[in-house]
Every structure is written in structure tokens, then in C-alpha cells.
Protein chains: 2
Amino acid sequence: MAGSTPRIPDATVARLPLYRRALLELDEQTTANVSSERLAEMAGVNAAKVRKDLSYLGSYGTRGVGYDVEFLLFHVSRALGLTSDWPVVIVGMGNLGQALANYRGFTERGFPVAALVDVDPAKVGSEIDGRLVDHLDDLDRLVAERGIAIAIIATPAAVAQEVAERVVEAGVQSVLNFAPTVVTLPDGVPVRKVDLATELQILSFYQQRRASTSGADH
Amino acid sequence: MAGSTPRIPDATVARLPLYRRALLELDEQTTANVSSERLAEMAGVNAAKVRKDLSYLGSYGTRGVGYDVEFLLFHVSRALGLTSDWPVVIVGMGNLGQALANYRGFTERGFPVAALVDVDPAKVGSEIDGRLVDHLDDLDRLVAERGIAIAIIATPAAVAQEVAERVVEAGVQSVLNFAPTVVTLPDGVPVRKVDLATELQILSFYQQRRASTSGADH
DNA sequence: TAGATTGTTAATCGATTAACAATC
DNA sequence: TAGATTGTTAATCGATTAACAATC
């Protein structure tokens, strides 16, 4: 159909949060205007990329002047769907799940931790960071009552796939997978994967390459 | 010079840990051989990509047969520089730093947490998960004595850049940045950035897009 | 020999970047 | 009008993928 918004490239989507954070910082400093050059510097990318990325959202800058910080912040936030909070549930209260439950950053940045669940009777009913741990079997109710949109999977790898399918059945719309295994979901349910050890392994590669290329001395 | 190994593309490097994990799983099941097809399924990518990626490491498969699991595991591990452990230091014992300090996954997967540091007198000298918190000023000694190769930055955004420069001066060779700000380092010191809230924001985008494209009903 | 599966080629696709006309 | 900076074009670069010859 005519007039539909052009699809925003994945690479651009992944950078929008960088621009948003830079804009939030500028907004706090009550900076009214910002150039693509300055925004690029703050986000650690180059200015041509900033302009191209932002152009996918619309034409929100002024030639010769730059971008109005508040105006652009609103449009970047809106593009990301961050005009309202998205309650999350953390599934799996093992080591990593507890660590994530204690992390304040989710709630602070618009993703309130609305529920914690596990299946272990020793954990269900206990409190973590002042929050009650519910049983996975209560998920349907929790999702419905608390408007939970996103599940953070922090279970062992062996059950991650099963749990992911279950949270989607319960009505969760997106999944962030911390379990060290690949999870595949039906339809177009967005899944992202974060693996802390993987990040370290990639660092290890580049560190080694650097060591081997830059002189084999000592 | 002649005979130098071809450069492994960044996209391939990022997938090597996926293949490695699949191979570890196969190895535990004492599976002797694996096809690119099966490896692709386990890693959640397609078979052509697996073969192309692995071909950058060398020619370690057998036509008509597949890849020897143990042999390939060794070569993938070696390519990633994972033939020995890499001790890490976590800098910043705030909310996120404590969560990471309590996470067992680093140590379990070849990145032993060898030191925790902060600058807050209330934290220095205390124990987290049975480990003593040292002062940032002791970093030079800690890095030297414990062979620390990688720093995990979990400080507030405002000091992340300063701290990153300091850990590099202390002899750390790579940085994993959890602070919600961009850090730039000199030379070719590898830096990777993990931002949990960013991952959620990207999910939010795709969730919203899906909601708007798949019928505007209800 | 027949079947299976790699390693590599080449086509395609998507992302990056420099350059510059448009325009404030 | 002169200077500044966007938004867009087009060239380049890197990643993905299908196809298939090589070869077990």
C-alpha cells in the first residue's frame, strides 16, 4: 500500500538506543540543539551514519542548525516503542536470575520487574530483593494481571526452549534469553540473546589476534 | 608476507562461540562426528554459513563425512584463544557489579573472577560472595600478581571512561563495558559493550513493529 | 560405483561512507 | 549573502546464501 513507512534496517534499530541515551544526557544538560557531528561523537559512531539512521525515522532536523534535542528524543523514543513502560518477568531464580532480579537498571529504564518465577519449591514463596517469587504455573495469571510484555529467561540451558514456549503461551510478546542455548520461537515473536561468557570469548579472540599481529616480541 | 592466515571476518568471530558451545554439547554426548547441517541447527544459523565460517579457520572437515567433533572443538577453541583461562577483574561493586560478582558463569567458562575493586571506603575491605573487595589503587599490583587479562567495567557512566583508561594503564588487555556509556580506548585495545536495557529497548522496537504490521485489530 | 557432505565460487543482499545539493 | 548542517545519492565494502565441483 502507498504511504507506508520504509522499513528501518536492523543495524539502525540496534543504534537507536545509543542515540537515545546521548539525547537524554543532552536533555538533562538542557542543551536545546545538537548536530549529527556531536551526536556521533557521543554515540561513538560517525556523523554520516547518524544522519542516515535518523533519516529513516523521518526528517526531524533543520539544515544549517541541527536537531532539536527534545523533539528528536521524542521521535527516537516513539520509534523504539518507549512511550510507555514494559513490565518484565524474570524466569529462573538461579544464580544469574537472582543477579538480574537485584539489578536496578531494568526498572530504572522503563522495564519494571513485575514478577519473578521459578519451579523450585525451595525458592517459590521466598523473597528476592523484597519481591515474592511465584511459581511458573501462575504465569498466565501474572502476565494478565500485571500486563507483562517481556520475559527474561535465566533458566538452565536444558529447559530454556520449553520455558520460552510456555511464556509465549502465557501471552508474553518478546523474549530476552540469557540461557546459554539457542531458543527458537514461532511466528515472529522477537527473541534476543545475551550471553556474558560469549562476550568474553569474543574479546579473547581479538586480544589474541592483537598479541600475534603486533610484533611477536617477548 | 606470504602464508599469513586470512583475516577472520567479525561476523564469523561473533559466531564461533555458538559453534563451540554446540561442539561441547556433542562432545559430552560422545558424538564423534557432526555435519554442517546438524551444527547449523544447534547454533541456529544455516549450513552454508557454518561451512563458510569454519573454512576461515582451515580445512578441518572431511567431505562425505562431516567434522570430527573433538578435532573441530580444539581448533575453534584455539582460534578463540581459549586454550587457557583468562582471569578477569570486575571494577565497580554497585548494584550491577555485585550481581556480576555473584554470577558463577564467568569462572565456570574459563574466565575466573580474580579480583573485585571499588573506590568506596564502605565497600573496600568487605567481602562479596566470599571474595575480598580491593581498592582501585591496588589495580597495578592485582593485575600483575594475578595475571589479569580482562576488566569488566560496572561503574557509573560518569567515571567509566576514566576507569577504562586506568585499567589499561594497569596492564589489562581487553575491556568489557557494562556502564551505560561509550568508552573509547587507545591503540587496538578491544572493547565490547553489553547493555541490558539496550537489549530490552531493541525488543520493544520489534514487538511494536510486529503489533503494528500484523493487523491493527483490537 | 553411489551417496554424502565439504570447501569454494559467484551472485545477491544489506550496511557503511564520502560527497554534495538542498536549505536553514 | 555567507556559513553551517541536514538529507540523500551513489560508490564501496562486507556478509549471506545457493549452487556445485571436489572428494571422501
Side-chain angles (χ1 to χ4, degrees), chain A residues 5-19 22-23 26 31-76 79 182 202 205-206 209, chain B residues 5-19 22-23 26 31-76 79 182 202 205-206 209:
Chain A
T5 317
R7 186 189 170 83
I8 301 178
D10 291 344
T12 295
V13 173
R15 283 188 294 267
L16 291 180
L18 298 179
Y19 303 146
L23 290 165
L26 291 165
T31 307
N33 253 273
V34 65
S35 65
S36 58
E37 196 70 52
R38 175 90 183 97
L39 209 44
E41 190 194 343
M42 292 179 80
V45 302
N46 82 31
K49 200 180 269 178
V50 169
R51 290 198 297 277
K52 188 124 231 298
D53 285 341
L54 295 179
S55 75
Y56 290 111
L57 308 187
S59 195
Y60 299 131
T62 308
R63 287 166 208 244
V65 178
Y67 300 88
D68 180 281
V69 170
E70 254 188 275
F71 186 67
L72 185 59
L73 177 56
F74 168 75
H75 283 289
V76 171
V182 172
I202 296 172
F205 174 88
Y206 288 108
R209 172 191 280 171
Chain B
T5 316
R7 186 190 171 82
I8 301 178
D10 291 345
T12 295
V13 173
R15 283 187 295 265
L16 291 180
L18 299 179
Y19 304 145
L23 290 165
L26 291 165
T31 306
N33 252 271
V34 66
S35 66
S36 59
E37 196 70 51
R38 175 88 183 97
L39 208 45
E41 191 195 343
M42 293 178 79
V45 302
N46 81 31
K49 202 179 267 180
V50 169
R51 290 198 296 276
K52 188 126 232 298
D53 284 342
L54 295 180
S55 75
Y56 291 111
L57 307 187
S59 196
Y60 298 131
T62 307
R63 287 165 208 246
V65 178
Y67 301 88
D68 179 281
V69 170
E70 254 188 274
F71 185 65
L72 185 59
L73 177 56
F74 169 75
H75 283 290
V76 170
V182 172
I202 296 171
F205 175 89
Y206 287 109
R209 172 190 281 172

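Reminder, nothing fancy here: chain letters follow the sequence lines and each chain counts from 1. Computed from a predicted model, the values in this text were never measured in an experiment.
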Taking every non-hydrogen atom, the tightest pair across [X] and [Y]:
| X | Y | result |
| --- | --- | --- |
| B/A14 | A/I202 | CA-CD1, 3.8 Å |
| B/A22 | B/M42 | O-CE, 3.7 Å |
| A/R15 | A/D53 | NE-OD2, 2.6 Å |
| A/Y19 | A/L39 | O-CD1, 4.5 Å |
| B/R51 | B/Y67 | CG-OH, 3.8 Å |
| B/A40 | B/N46 | CB-C, 3.6 Å |

Length of the [atom1]-[atom2] vector between [X] and [N], whole Å:
| X | N | atom1 | atom2 | answer |
| --- | --- | --- | --- | --- |
| A/E41 | D/dT5 | CD | C1' | 16 Å |
| A/L54 | D/dT5 | CG | P | 16 Å |
| B/L57 | C/dG7 | CG | C1' | 13 Å |
| B/D10 | D/dA15 | CG | P | 6 Å |
| B/E37 | C/dG7 | CD | P | 15 Å |
| B/I8 | D/dA15 | CD1 | P | 12 Å |
| B/L72 | C/dG7 | CG | P | 9 Å |
| B/Y60 | D/dT23 | OH | C1' | 19 Å |

**OP:** Give DNA chain C the dot-bracket treatment, 5' to 3': Watson-Crick (N1-N3 with N6-O4 or O6-N4) or G-U (N1-O2, O6-N3) under 3.5 Å, [ ] crossing, | other strand.
**Re:** ..||||||||||||||||||||||
**OP:** Could you go through the side chain to side chain contact (heavy atoms under 4.5 Å, CB included) check for B/D68 and B/T62 one step at a time?
**Re:** CA-CA 8 Å; B/D68 179 281; B/T62 307; over 6 Å; no
Original post:
Do A/L23 and A/F74 come close enough that some side-chain heavy atom pair is under 4.5 Å?
Top reply: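 No, their side chains stay 4.5 Å or more apart.
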Subject >> Members of residues 61-69 of chain A that approach DNA chain D, where some heavy atom sits under 4.0 Å away >> reply: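 Close to the strand are A/G61, A/T62, A/R63, A/G64, A/V65, A/G66, A/Y67.
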Subject >> Contacting residues from residues 42-53 of chain B, given that a heavy atom lies under 4.0 angstrom of DNA chain D >> reply: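 Those residues are B/N46, B/A48, B/K49, B/R51, B/K52.
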**OP:** Determine, stepwise, if the pair B/I8 / A/R209 fulfils side chain to side chain contact (heavy atoms under 4.5 Å, CB included).
**Re:** CA-CA 10 Å; B/I8 301 178; A/R209 172 191 280 171; 4.1 Å; yes
**OP:** Take B/D10 and A/Y206 through the test side chain to side chain contact (heavy atoms under 4.5 Å, CB included) and record every step on the way to the result.
**Re:** CA-CA 10 Å; B/D10 291 345; A/Y206 288 108; 2.7 Å; yes
**OP:** Check every strand shown and say whether A/R38 touches a base, only sugar-phosphate, or nothing at a heavy-atom separation below 4.0 Å.
**Re:**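 The residue A/R38 makes no contact with any strand.
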Original post:
How are the rings of B/H75 and B/Y60 set to each other: parallel, tilted or perpendicular (split at 30° and 60°)?
Top reply: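 If you compare the ring of B/H75 with that of B/Y60, the planes turn out parallel.
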**OP:** Consider the side chain of A/S55, meaning its heavy atoms from C-beta on, and name the nucleotide among D/dT6, C/dT6, D/dT8 that approaches it most closely.
**Re:**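 The closest nucleotide is D/dT8.
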Original post:
Want to settle it: does A/S36 or B/P9 sit nearer the 5' end of DNA chain D, counting the closest nucleotide to each?
Top reply: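 The residue whose closest nucleotide sits nearer the 5' end is A/S36.
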